Structures are given as C-alpha cells and as structure tokens.
Amino acid sequence: MKLPLWSRCLLLLQMLLLVCGTCFANEELFREARTLQRGGKYKEAIEAFRNYLTQPVAGDSLSDQEQTLYTEALMQLMNTFQSKGEPEACITTLEEVFKGSPAIQRQCLRDYYSILGYALSRTERMKEAEETTMKALALPLHQPTPENYFRDYAYAAAVFYSNPNYQKEVINWCEEAMKQADLCKNTSGKQWVMTMLGSLYKRNGHINKAMKLFLQSKEEALDKKDDLGVLNSLNTLTDLFLYWKLPQYANIYASEALQVEKGMKEKNPMVSAQTYINKGWALYHLGVADSVSYYTQQARALCQSLPYNSGMVDVNLLNGTFMAEGKGDSLQNGIKELLQVAQQATTVNRAKAYHQLAQTYLKHGNNGMAETMLDSLYVLLKQCDSPAYIHVDYGPILDHFLKTKNQSKVEQFLRMMLKEQQTLEEKNVNFNLVESIVELQIAHNKQEEMIIQLGNTNQRLWVLVGIVLFVVVIAAVVIFLLYQRKQHKLQMKQADAELTSVVQKLEQSNAEKEMRAQEIKDFLKEKNNSLELEALTPSILLTEGESKFRQCFELLYPLFLPCLRERVPTITRREELLSMLIVLKQDNKRIAELLAVAPRSVLMLRHRFRQKIGMETEFSLENFIEEILRITKSSGEMPEAD
C-alpha cells in the first residue's frame, strides 16, 4: 500500500527525531560519566562509561563526533581504573566492552588495541602488552588526528620503555609523540612523555638533553596547572640527582614533589608511591635515617593494590637496605625484604639487592652467604641483555677475597672494578655538565631577580650583560670539559697499564701474591685516608659529630692541637673547637651555627679565650691562631686551609 506524501514525510521526521534523541542521550551519558570521574566517584563513573560504550548505536556506523567520544570514553575508563588502583579489573572490563560493542570492533579497533596494550603494561603481562601494542601500530587509524597519533606513540613508548631491545624505537616514538603534541589543540599527557623521554636520555648518557626536558616539562605543567605532570617532572628530577649521587639536590625536589602530591585531588597510587620512595632515598643518602621508615610506610600503603614491580619492589629495596644496617630483628627483616627483591624484581633492582645482601653478610661475618650473593651478582650482570650499572663498594669485597687467598675472585672483581671505573670516567663529563647546568640555572634565576629590582630604565642593559656572561661561562665550561675528557683518556691508559702489571704479578709465586695483596690493602687504606682528608669541611661537625670532625682535623693538621695545648694548658674543649673553626676560615655566624649556640655566645667565648691567653686588645684571635700555624709549619710540613 502506497502511503500519501504527507504520511511519508511525517514518518521520516519521526525517524530523524529518534536518531537525534538517541545520539543526544548517549552524549549526555558520556558527560555524566566524566562528571562522576572528576568528582572521585570511580565506581559509578566506570559503570557509566561501560553503559555508554555498550549501548546500541543509531545507524550502521559511528559519526566522526561519536567515534571521538567512544575513543575518549575508552581512555577515561582505563584512567579511572588506574586512579582506583585496579589494573587487572581494567583489562577484564575493556575486553567485555569490546565484545559487547560492534561499533568499536568496526571503527575503533586500533584505538582499542592501543589503550588495551598500555593497560596490560600496568600489570605483569608485559609480553601481551607488547604484542597488543605492535598489533595496534600495524592497523590504520580511522581518525588520523594529531591527538590519536600522540596517544599511540606515547603508549607504545611506555609499553616498551623497559625493553632493552627497543630503546632506539622508544626514543623515536617519544620524539614523534612530542611533534604530534605541538599540533594538538589539547594534550594533557605531554609532560608525561617529556619526563619519559628525559629518563631515556639519562639512561643513554644524554644528561644535558634530560635536564633540559625535565625542567621544561615542569614549567609547562605548572603553566597548565597539571598537578600530575608537575609531580612526574619533580620525581624524574629527584631520580636524576639520586642517580648522580647528589642527594642534597634530590632532597630539594623530593620535598617539592611531596607538597604537590599532598595538594592533588585526583591521585595516582603509582606516582604518589614513587614520590614517597624518592624522598626516603634522598634522606637515606643524606644520613637522616630517622625519617626513612615513615616514608616507606606511606609508600607501602599506596602499593598494596599494585603489581609487585610497579611499586612494592622499590619499597622493599629501600626498607630492606635501611633495616639491614640494624641488628637483631631489624637485620633479619631487612635481609628478608632484600631476598624478595632478588627473587622477583627486574635486573637492575635484583643486582642492587644482591650487592646490599653481600655487604650485609660480609659485615656480620657470614662469608659463605656473602660469596653466594656476589656470585649471583656477577652472573646476573654478565647475563643482562643491556648494560646494567649499579654502584658497587669493592673495598670490602676485595679485602675478603684477599684474606681468603682466592686469586680467581680477586682478578674477577678487579676486572669489574676497572670496567666500572672506565664507565664512571666516561660519565664524569656528563656529571660535570649536570653540576654546571644546575649552577647556571641558579645563577640565571638570581640574575633575573636583579634585573626586575633595577627597574625598566636599565633592564635591557642588564639583560645584555647577563647574556654575555652566560655565553662566557658556557664557553669556559666547554673548554674545561674538553680538557677533562683528555685527562680522563690519559688516566684510562695508565689504568690499563697498571692492570696488566697487576695481572702479571698475580701469576707469579705465592710469596709475590701475598706481597701484592698487602700492597692492595695499603693502597685502599691510603685511599681512604686521602678521602678523609679531602672530605674535611666544617659541615662534618653537624652531619657526623664532633669525634669525626676532630679525627679528620687531626689528620690534616696533626701538630696544631698539641702546639695549642702547649701554649694554653687550660684550654677547654669548646675553645679548641673555636680554634679549629678559625683555622678553617669560618666567621662568627657560621661558628654559631656549627656549635648550635647564639652568635652572642660565640663572642663571649672568643672574649674569654683572649683573656685566658692574655692577649692585648690590638691583636686579634686570628693572628694568634695563624702564629701557631706558622710554628707548626716550621716543625713539620702542614697543608694550608682552603
């Protein structure tokens, strides 16, 4: 039966209204899910995203707008699970949504595999994550926008980040993601990619590029008020300074990261846990051990729902290292946590655990277990697919094998030590560059403050002067680094010759072996004494106590205190400390800080000391101290204070 024209028009209008109503209802459901997510109602948000993605679609295919919303909903569904700390549940839900949504199977297949691959990488299923990600990159994009390309390259880089066979590809993916980010209208993950690329640069020796990226990432995240981006940048800066053994800088950035983390509304358990772990390591290396346990407890609570290698391994490594320095139950608990890391962690963390266990066993006389740990460490580092570097304390190890007359182990660890020294010599150039960048950054900030205070009239002139000075400093740093590089090469040649000589002597008679062992012991002892002499700074009085400060001072100035006591028989302990600090060129304010007294108390101490030695008013106490120094120099050679 043929319908009249007006009936057909009415039917067509009804169908059109039905389609539009369905699209509008679906879009409203997506907006409701985002509102629940932002409000921290993660359970309700997950259900809303799931309902949106599995609802019937009007028509045979998705429109461009609907496809964009579907892709965004998949990403936000995964992000919600990550914020909730349920990575395994995320995988299950994504797979269920995929099976129940023909539209995703037809038009969002690459988007789905890219998101699923990244979600898998947050669990222990790394092989599946890599296979799924490669499958995604091999598929065409239905919507080839900069945002989608950025997402795919960033996720691919994150999935393969720890795979040693794909390091070049990971750097290329990060760099390509950065290019796409510049073309995007809105990309919230740029700071994350910048910090990841900076870590890759650090790992591959490009420290200057890493520092530049980390600082740039932090500034851009601050401009966009992206707290998670700021936190990621601060964590990577902290990790960088810990890697280069600069705990004072690491502690500054770790403290700043904690302030940011406490002010965040939507927290990521993995990133928050890393923030507390970094703060704990910074304090541990600074010798402030009392607070380490607090930060490990905070990190442990955050890592309970995460895969072991996504957080808890770092907690066990830090807490085990800290507790293994104690006695009794603390020692046993520390060893237990380190053994867990050695069994379940990644290569580098396992190597760190073996090394710490070996040092602990040697310290407590359990030589059999110590040798077992050292053998495991050696085999692990030799079998690693990519170069793995950890800081090894060779002194106790060589001393142990020399005492047990184990020639093969002495040669083995001597070769490891030389190889590590070669690596460190090569990386010292980058180390100097890191310090230069930090100092230049501080100088640059101070210079900008001075320019603002001077006013607009002289602003251009001061900017020009600052630029010239900056260029001169950069040129001086470059020249210095080139000179250092040449010196390092000469030192390495000398070290190679010395190693050849040592190996030849070790192959001689048993008497010569014993003599060489004694020479190595003397060398280590002499080196430790030299390090103690070089390490004498007034700050030792605060950090390591009066006893250690006196010990170092007497090594550097052996005749000073006996001469002073001879001149002033009734001298007190405080007056001796005052005299030693004057030798080290400390002013009254700094002396007050080091002695933990008020500046007025220092003046009173100086006055009483002057009265005791009968000094006239026209002579200063510094002249008296310098006179004693000259007397001690004439009696025996004395180094001058810096």
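Everything numeric in this text was worked out from a predicted model, so none of it was measured.
- Across every non-hydrogen atom of Val568 and Lys612, the tightest pair is CG1-CD, 3.8 Å.
- Gly320 and Glu337 get closest at one heavy-atom pair: CA-CB, 4.1 Å.
- Between the side chains of Asn623 and Glu627, no donor N or O sits under 3.5 Å from an acceptor N or O.
- Formation of a donor-acceptor pair under 3.5 Å by the Lys548 side chain with backbone atoms of Ile540 is not found in this model.
- Every residue two or more places apart in sequence or in another chain that forms a ring-ring contact (aromatic ring centres under 6.0 Å, His included) with Phe401 is listed here: Phe413.
- What you find for Ala299 and Val315 is that their closest heavy atoms are CB-CG2, 3.8 Å.
- With respect to the salt-bridge test (charged N to carboxylate O, under 4.0 angstrom), the residues Arg550 and Glu546 qualify.
- Using a 4.5 Å heavy-atom cutoff, the side chains of Phe322 and Thr296 are not in contact.
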Report all side-chain donor-acceptor pairs from residues 323-330 shorter than 3.5 Å, counting only partners two or more places apart or in another chain.
from, atom 1, to, atom 2, distance (Å)
Glu325, OE2, Tyr284, OH, 2.4
Ser330, OG, Met323, O, 3.0

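- The residues Glu371 and Lys409 are annotated as not salt-bridged, no charged nitrogen and carboxylate oxygen being separated by less than 4.0 angstrom.
- A perpendicular orientation is assigned to the rings of Phe553 and Phe560, their planes being inclined by more than 60° (bins at 30° and 60°).
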Identify every side-chain donor-acceptor pair in residues 593-607 under 3.5 Å, counting partners at least two apart or on other chains, and give the distances.
from, atom 1, to, atom 2, distance (Å)
Glu593, OE1, Arg590, NH1, 3.1
Arg606, NH1, Asn588, OD1, 3.3
Arg606, NH1, Glu622, OE2, 3.3
Arg606, NH2, Glu622, OE1, 3.1
Arg606, NH2, Glu622, OE2, 2.7
His607, NE2, Gln611, NE2, 3.0

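- The nearest pair of heavy atoms linking Arg565 to Ile571 is CG-CG2, 4.1 Å.
- When all heavy atoms of Leu317 and Val341 are compared, the pair lying nearest together is N-CG2, 3.8 Å.
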